[in-house]
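Small disclaimer: the values here were computed from a predicted structure and weren't measured.
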Amino acid sequence: MAGQHKNKLNLDRLAKIWALAERGDAGEQAAARNRAEALVKPHGYTLADVPDLLLTEGYLDDEPQPSAGGFTFYDMSNPAHQRAYARSEEKKCAAWRMANRAKMDEVLARYGSEEAVFAPTAEEQAYDTVIEPFRKAGGPGKCDTWDGEHFSPSVRVRAALASVKPWPDTIPGAIAEYEYWEKLYDDRNIADSNGQHNYLSQGADFRHWALGDLINKEIEARNISDVIIRLRFQEASQGTYNDSGAILRDLERLHAAENSQRSDPASGDIPPDRGSPATSTESHRGPENRATPPSNLDTATKRRAEAVRILNTPEGARMSLRQVAGMAGVSPTTVMKIRNQHSL
């Protein structure tokens, strides 16, 4: 009989009543026990069944406590941890809305309505259309893929995206488009009370991801200004994009071109690379000794960089995607992309 009614019993309400029955004053305890008995009796339970019933359903489990490193680990198979996580996220969102009301109002005023903020742009629709032929539906519990990829676009998907709009062939051009997608993402995130979901369409997300690679390492720098732009982009990403080899190749190529114009080419020679590793103190510090992460993660790039930082710590390496996502303010999918890109 109990099994037939179990799903109809309001366990959340019962847990609140039972908390009074155990921790209230004498009068509250008696009243709460009477209410609890009245609540469970129609479902075939007695008052003596309540502790075991709540314990079985996870309502009496201890809530997660911060570790020595300050991280809170949530076991999402534990109902008590699920509720604690939900409450924590609700509090974060409420505090964020109070602190950023002016930003939210500005975004909504600029677009005209919340619906307009999230409406697919013409570019998003066009990019989604051209990659659709490459789409393969994932099985149960698996993500869809496009030409066998989910996190970054394949060569063929890149070519399809270029049919809508050619890829930029300069670093400043790539930066301009990359920042357009960053701005769209941030506007939607602000309108969603810092929900940190995947706000770009799949085609736009592929485009955005590939633009980052173009800036980071693929487009040749035309001059020192381009090298500076590339390096600033890498520094701002705080580890998400960090191909120092691209910087070195740029500088060597530009130096060779400059040296070829000298009347005495030997005067501008640089000693050959002896293969010595970098000796800065930063390169020898472990992830656990890095500086405290920035508290103002106010752009998508900074939040992805924070995810990289966390994943590089011993504790972060043991965390689930959801745990890292919650701490860095990104989506679990973004964490998975970063893990795959950096082989973490």
Side-chain angles (χ1 to χ4, degrees), residues 1-101 104-105 108 114-115 118 140-141 189-198 295 310 315-316 318-333 335:
M1 180 176 179
Q4 296 174 351
H5 296 282
K6 182 177 179 181
N7 291 335
K8 299 178 182 179
L9 177 60
N10 189 332
L11 292 171
D12 286 334
R13 183 182 176 194
L14 178 61
K16 292 176 182 178
I17 294 172
W18 196 250
L20 286 176
E22 291 189 318
R23 295 190 291 272
D25 59 36
E28 288 177 332
Q29 287 181 353
R33 291 175 72 85
N34 290 334
R35 290 173 61 195
E37 185 173 27
L39 186 63
V40 302
K41 189 174 181 180
H43 299 277
Y45 297 108
T46 67
L47 195 62
D49 293 324
V50 172
D52 286 342
L53 173 63
L54 292 176
L55 186 61
T56 300
E57 297 300 318
Y59 281 81
L60 300 184
D61 289 352
D62 291 335
E63 292 192 354
Q65 299 298 320
S67 68
F71 298 126
T72 299
F73 295 91
Y74 293 95
D75 177 3
M76 300 311 288
S77 65
N78 183 327
H81 285 222
Q82 292 174 14
R83 292 190 297 275
Y85 179 79
R87 288 194 299 271
S88 174
E89 292 302 299
E90 287 171 4
K91 289 179 181 178
K92 288 179 184 177
C93 284
W96 191 93
R97 283 194 296 270
M98 291 181 66
N100 294 274
R101 175 55 60 188
M104 296 179 70
D105 290 345
L108 294 177
E114 184 174 344
E115 291 74 17
F118 295 97
N189 181 60
I190 290 170
D192 194 31
S193 301
N194 199 37
Q196 301 299 339
H197 299 297
N198 293 326
S295 58
I310 293 170
E315 286 185 303
R318 297 191 297 270
M319 289 183 186
S320 68
L321 297 179
R322 187 184 295 274
Q323 289 168 341
V324 176
M327 293 176 59
V330 298
S331 69
T333 301
V335 178

I'd like to check the salt bridge (Lys or Arg N to Asp or Glu O under 4.0 Å) partners of Glu28; sequence neighbours left out, ordered by chain and number.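 Once residues adjacent in sequence are excluded, Glu28 has no partner under the salt bridge (Lys or Arg N to Asp or Glu O under 4.0 Å) criterion.
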Checking Lys16 now: which residues fulfil salt bridge (Lys or Arg N to Asp or Glu O under 4.0 Å) with it, not counting sequence neighbours?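 Checked Lys16 against salt bridge (Lys or Arg N to Asp or Glu O under 4.0 Å); zero matches.
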Report the distance from atom [atom1] of [X] to atom [atom2] of [Y], rounding to the nearest 0.5 Å.
| X | Y | atom1 | atom2 | answer |
| --- | --- | --- | --- | --- |
| Lys41 | Thr46 | NZ | OG1 | 10.5 Å |
| Trp18 | Leu47 | CH2 | CG | 4.5 Å |
| Glu90 | Tyr85 | CD | OH | 11.5 Å |
| Glu37 | Ile17 | CD | CD1 | 12.0 Å |
| Arg97 | Ile190 | CZ | CD1 | 14.0 Å |

Using a 3.5 Å distance criterion without hydrogens, assess whether the side chain of Asn189 forms a donor-acceptor pair with backbone atoms of Gln196. yes
Please find the pair of heavy atoms, one from [X] and one from [Y], that lie closest to each other, and give the distance.
| X | Y | result |
| --- | --- | --- |
| Leu39 | Asn10 | CD2-O, 4.1 Å |
| Met104 | Ser193 | CE-OG, 3.6 Å |
| Gln29 | Leu20 | CG-O, 3.6 Å |
| Ala191 | Glu114 | O-OE2, 4.3 Å |
| Ala325 | Ser331 | CB-C, 3.7 Å |

Non-hydrogen side-chain atoms of Val330 and Val335 separated by less than 4.5 Å: yes
Minimum side-chain heavy-atom gap Asn100-Asn194 below 4.5 Å: no
Salt-bridge contact Glu89-Lys92 (side-chain N to carboxylate O under 4.0 Å):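 Salt bridge between Glu89 and Lys92, a charged N being under 4.0 Å from a carboxylate O: yes.
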Run the side-chain hydrogen bond (donor to acceptor under 3.5 Å, both in side chains) test against Asn34 and tell me which residues pass, sequence neighbours left out.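 So Asn34 forms no side-chain hydrogen bond (donor to acceptor under 3.5 Å, both in side chains) with any residue.
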